[in-house]
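Before any comments, here is the structure.
Computed over heavy atoms, backbone and side chain alike; hydrogens, waters and symmetry mates excluded. Remember, predicted model here, so these are calculated numbers, not experimental data. All chains are named by letter (A, B, ...) in the order of the sequence lines, taking the proteins before the strands, and each is independently numbered beginning at 1.
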There are 2 protein chains.
Amino acid sequence: MKVDEIDLKILKILQQDGRLSNAEIAERVALSPSPCLRRLRRLETEGVIQGYRPQLNRQVVGLGMTVFVQVKLHDHSAESVTGFEDAVREMDAVVNAHTVSGSADYLLEVVAEDLIDYDRLVKQMQRLNMVREIESNFALQAVKTEAPLPLKL
Amino acid sequence: MKVDEIDLKILKILQQDGRLSNAEIAERVALSPSPCLRRLRRLETEGVIQGYRPQLNRQVVGLGMTVFVQVKLHDHSAESVTGFEDAVREMDAVVNAHTVSGSADYLLEVVAEDLIDYDRLVKQMQRLNMVREIESNFALQAVKTEAPLPLKL
DNA sequence: GATGAAAGTTTCGTCCT
DNA sequence: AGGACGAAACTTTCATC
């Protein structure tokens with residue numbers, strides 16, 4: 001899938017406001033609505049745009065606690081890996097999960113209502129028998145959240 | 001700001017598709033379009049919904065590298081803290097930044113085109129004189145990204 | 001690609017309960 | 001609060017250049 005400069009412009013505009021109308025986007029990229037809509041639909045169907053999300057104030061919706069969790073597994077057998085990853089995908093509180101370089105195997109971003117709620121989740125993870133170690137780093141203050149991607153050009 | 005059950009329903013629906021029309025949302029929450037739009041606008045103006053973003057395929061837009069960076073400062077004086085945080089907010093490659101509990105002071109999520117690009121950013125951070133230590137953990141595989149928040153009810 | 005037309009939606013203010 | 005109406009804007013498809 002190729003993304004040209006006009007596509008990047010469209011993406012950049014959408015990152016500022018993901019609900020802009022096609023007419024508005026078209027005007028800003030100096031295209032008429034028809035070709036602009038064709039590009040937008042192509043970006044969506046080809047998976048460049050994987051979806052649209054509102055950015056929510058976590059505090060207000062009762063998820064004021066964000067925790068970054070480093071997880072180590074006992075081994076890297078296929079059973080352990082897929083077992084753990086499937087479990088993580090099932091846990092709604094985990095909003096991001098990556099395998100990472102360094103001493104931990106996984107880095108997760110987890111949201112919770114409060115410590116009680118978070119404790120439940122940790123215990124749930126500890127019950128997974130491929131999990132060897134869990135280290136929790138609590139987010140104390142947000143300096144920057146969900147900033148737009150720095151698209152080149 | 002209070003968020004009632006209907007508001008939560010609206011947010012939940014929007015998390016599945018952030019570009020749904022008000023008419024569609026109204027139908028799903030069993031409300032007529034007028035009061036539904038009033039609620040939506042209130043959620044937006046009161047900051048419960050802070051904006052709308054397309055979820056982009058980072059690989060396709062040329063930002064295939066994601067790095068989690070742990071930063072320690074020399075001290076926690078107001079000058080060091082605000083100086084570092086202002087610098088972080090200026091860096092477009094930093095898409096998330098939090099102060100965290102544990103051995104590091106900050107945890108950043110950084111995107112880059114490649115290692116060369118990332119190296120530039122690290123050097124830029126190392127030039128900040130309040131920065132004592134930088135540890136980079138490269139994301140190797142995404143297991144789950146930008147999952148919807150688990151709204152209660 | 002652009003343009004224009006046409007039918008169907010959506011938004012959003014206003015007024016009513 | 002929610003619901004109904006109407007005007008203006010927007011979306012989407014189609015044909016044409």
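- Within the 4.0 angstrom heavy-atom criterion, no nucleotide atom of any strand lies near B:Arg42.
- Close approach of DNA chain C to chain A, defined as any atom under 4.0 Å from a non-hydrogen atom of the protein, starts and stops at C:dG1 to C:dG4.
- The distance between the ring centers of A:Tyr52 and B:Tyr52 does not fall below 6.0 angstrom.
- Side-chain atoms of A:Lys144 come within 3.5 Å of backbone atoms of B:Met91 as a donor-acceptor pair (strictly under, hydrogens ignored).
- Between B:Tyr118 and B:Phe138, the ring planes lie perpendicular to each other; the angle is over 60°, past the 30° to 60° tilted range.
- Side-chain contact between A:Val143 and B:Phe84 is absent, with no heavy atoms from C-beta onward closer than 4.5 Å.
- Under the 6.0 Å cut-off for aromatic ring centres, B:Phe68 and A:Phe68 do not qualify, their centroids lying 6.0 Å or more apart.
- With A:Ser80 contributing its side chain and A:His76 its backbone, the two residues share no donor-acceptor pair below 3.5 Å.
- Inter-residue side-chain proximity for B:Leu11 and A:Leu56 is flagged as met; some heavy-atom pair is nearer than 4.5 Å.
- With a cutoff of under 4.0 Å to any heavy atom of chain B, the contacted region of DNA chain D is bounded 5' to 3' by D:dG2 to D:dC5.
- Side chain of B:Lys12 to backbone of B:Leu153: a donor-acceptor contact under 3.5 angstrom is found.
- Heavy-atom distances under 4.0 Å link DNA chain D to no residue of residues 19-27 of chain B.
- Counting heavy atoms from C-beta on, the side chains of B:His74 and B:Val131 never come closer than 4.5 Å.
- For the pair B:Asp7 (side chain) and B:Asp4 (backbone), a donor-acceptor distance under 3.5 Å is present.
- In terms of position along DNA chain C, the nucleotide closest to A:Pro33 lies nearer the 5' end than the nucleotide closest to the other residue of the pair B:Ser34 and A:Pro33.
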